[in-house]
> 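I am attaching a structure below and will ask some questions about it afterwards.
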Amino acid sequence: MLDPLAKLGLKHPLIVAPMAGGPSSPELVIASSASGALGSIGAAYSGQAAITEFVEKVRAGTERPFAINLFIQHPQPRIEAAMVERALAATAKYRAELDLPTPQFVAPYEENFAQQFEAVLKAKPAVLSFVFGVLPAEHMRAARKAGMLIIGTATTPAEAEALEESGVDAITLQGFEAGGHRGIFDPGAPDSEIGLHDLLTQTLPRVKVPLIAAGGIMTAADIRSALTMGAGAVQMGTAFLATSEAGTSAPYRSALQGQERITRTTRAFSGRFARGIENRFMNEVDAAAVMPFPAQNKFTRDIRGASAAKGSADFLSLWAGTGKGELWQGSASDLIEKLFVN
Ligand SMILES: Cc1cc2nc3c(=O)[nH]c(=O)nc-3n(C[C@H](O)[C@H](O)[C@H](O)COP(=O)(O)O)c2cc1C
């Protein structure tokens, strides 16, 4: 078992992925941690008060360690009026279909990171994990002083080296197979599209900190294979999306059913590459009418919300990895037990 995680006293070398935007419910975090894995709060879209409230719920359900996960922020993109016009025109028919008014689209486009971080410092989770870059040095010092274990996310060996240089305790290596947002540091950069196997092989000789394998891991055999290759632990998201505790919406759950989910990466929903199940929005939206992250993410929120409320998966971000097979619909605890039975 990986050294820093060993300090946490986990029963299994498994992190149940942070899945911001609904799936990571308090119940899923509690069940994951209580079953001997590390549950993760996906706090990227939550403000200070919401983070505090979420943590209270988790602590009321388990005394076991858990992680809080944030998005590293970059300078806000400049959004020209013409860009908004184009995005509005490209989405007008969907808003009409969903009975939505034309939105008043103004900055800020994401939560206040300083306030989110303050909530994390106050909550003092065992682990702070993050994605999209390197934690600024002042935050790194503060998190370390508070005794948190710090885990960054890399999609290339070079990103892993930058994270190690910044002083993280462990690195989640996110292969191209992974569901959800690609952790690429530069929001405007092309995707290197490195699969987990190559990413692990190429990164292992280049960094000393423990590596956590993520992307397409669905079964006990997948876990054994990643650990045998040299990963210290695994992180799994998609496999937990249909568990009874997950906060996954009903239309999202329906779209996840079946053996052969067809997924690909898209910028249509948020402006950043993310992998999800193909649907109408992903297939129809003109790439030229997509604003940069996080502006596009805020811009499509009303559409995604109305789609879920209507019970339709047409306009939802159906984040899921390439992993195939029927998803477990029982409890997360039973799934964890099944994954680690010898
Ligand atoms: C619905 C969903 C939401 C996600 N949200 C986050 C997030 O908020 N923060 C994060 O670091 N990773 C997020 N991820 C990515 C996971 O951390 C992880 O890389 C991925 O789930 C691993 O691949 P898998 O889904 O094939 O198991 C998300 C993944 C999914 C499926």
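Order of listing sets the numbers, starting from 1, for every ligand and every atom in it. Computed from a predicted structure; not experimentally measured.
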> Give the residue and atom name of whichever protein heavy atom lies nearest to atom 20 (C) of ligand 1, and the separation in Å to one decimal.
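Ranked first by proximity to atom 20 (C) of ligand 1 is Gly179 O, 3.6 Å.
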> Show the nearest heavy-atom pair for residues Ala160 and Leu173, with the distance to one decimal.
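So the two residues come closest at CB-CD2, 4.3 Å.
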> Which residue owns the protein heavy atom closest to atom 27 (O) of ligand 1, what's the atom, and how far is it?
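Result: Gly237 N, 2.9 Å.
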> Does the N or O separation between Thr238 and ligand 1 drop below 3.5 Å for any pair?
yes
> Take atom CD in Glu278; do more than 12 heavy atoms of anything else shown fall under 6.0 Å from it?
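Yes.
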> Just to check, does Thr153 reach to within less than 4.0 Å of ligand 1 when the distance is taken from its heavy atoms?
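No.
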> Just heavy atoms, cut-off under 4.0 Å: does Ala178 contact ligand 1 by side chain, backbone, both, or neither?
both
> Could you tell me if Glu118 and Gln48 have a donor-acceptor pair between their side chains, going purely by distance under 3.5 Å?
yes
> State the atoms of ligand 1, each with its element, that fall below the 4.0 Å cut-off from a heavy-atom position in Ala17.
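Those qualifying, in numeric order: 16 (C), 17 (O).
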> Could you check, using the six-membered ring where one of them is a Trp, whether Phe185 and His74 have ring centers closer than 6.0 angstrom?
no
> With a cutoff of 4.0 Å, is Gly323 in contact with ligand 1, counting heavy atoms of the residue only?
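No; Gly323 lies far enough from ligand 1 that no heavy-atom distance drops under 4.0 Å.
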> Can a side-chain donor-acceptor contact be found between Arg304 and Thr300 if the only test is distance below 3.5 angstrom?
yes
> Counting heavy atoms only, which part of Tyr252 comes closer than 4.0 Å to ligand 1: side chain, backbone, both or neither?
side chain
> Heavy-atom distance to atom 22 (C) of ligand 1: which of Gly276, Gly215, Ala320 wins?
Gly215
> Taking the ring centre of each residue, are Phe132 and Phe293 less than 6.0 Å apart?
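Close enough - the centres of the two rings lie under 6.0 Å apart.
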> Under 4.5 Å between any side-chain heavy atoms of Ile223 and Leu339, yes or no?
yes
> Between Phe269 and Phe273, is the gap from one ring center to the other below 6.0 Å?
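No.
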> Within ligand 1, which atoms have a heavy atom of Gly216 less than 4.0 Å away?
23 (O), 24 (P), 26 (O)
> Return yes or no for this condition: an N or O of Ala20 is under 3.5 Å from an N or O of ligand 1.
yes
> What is the closest protein heavy atom to atom 2 (C) of ligand 1, and at what distance does it sit?
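Its nearest protein heavy-atom neighbour is Met19 CG, 3.6 Å.
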> Check whether more than 12 heavy atoms from other residues, nucleotides or ligands sit under 6.0 Å from atom CD of Glu326, and answer yes or no.
yes
> I'd like to know whether ligand 1 has Phe71 as a neighbour, heavy-atom separation below 4.0 Å.
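Within the 4.0 Å threshold, so yes.
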> Considering only heavy atoms of Met236, which atoms of ligand 1 have at least one such atom less than 4.0 Å away?
27 (O)
> Is there a side-chain contact between Asp169 and Val209 in this structure, where contact means two heavy atoms from C-beta onward sitting under 4.5 Å apart?
no
> Is there a heavy atom in Gln174 that sits closer than 4.0 Å to ligand 1?
yes
> Once you measure the plane-to-plane angle for Phe281 and Phe315, does it fall in the parallel (<30°), tilted (30-60°) or perpendicular (>60°) bin?
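Perpendicular, since the angle between the ring planes exceeds 60°.
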> Show the atoms of ligand 1 that are less than 4.0 angstrom away from any heavy atom in Gln235.
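Under 4.0 Å from Gln235, ligand 1 has these atoms: 17 (O).
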> How far is atom 7 (C) of ligand 1 from its nearest protein heavy atom, and which residue and atom name does that atom have?
Pro18 O, 3.3 Å
> Testing Asn69, Thr153, Thr172 one by one against Ser129 for a side chain to side chain donor-acceptor pair (under 3.5 Å), which residue passes?
Asn69
> Is there at least one pair of N or O atoms, one from Asn69 and one from ligand 1, spaced under 3.5 Å apart?
yes
> Show the atoms of ligand 1 that are less than 4.0 angstrom away from any heavy atom in Gly321.
26 (O)
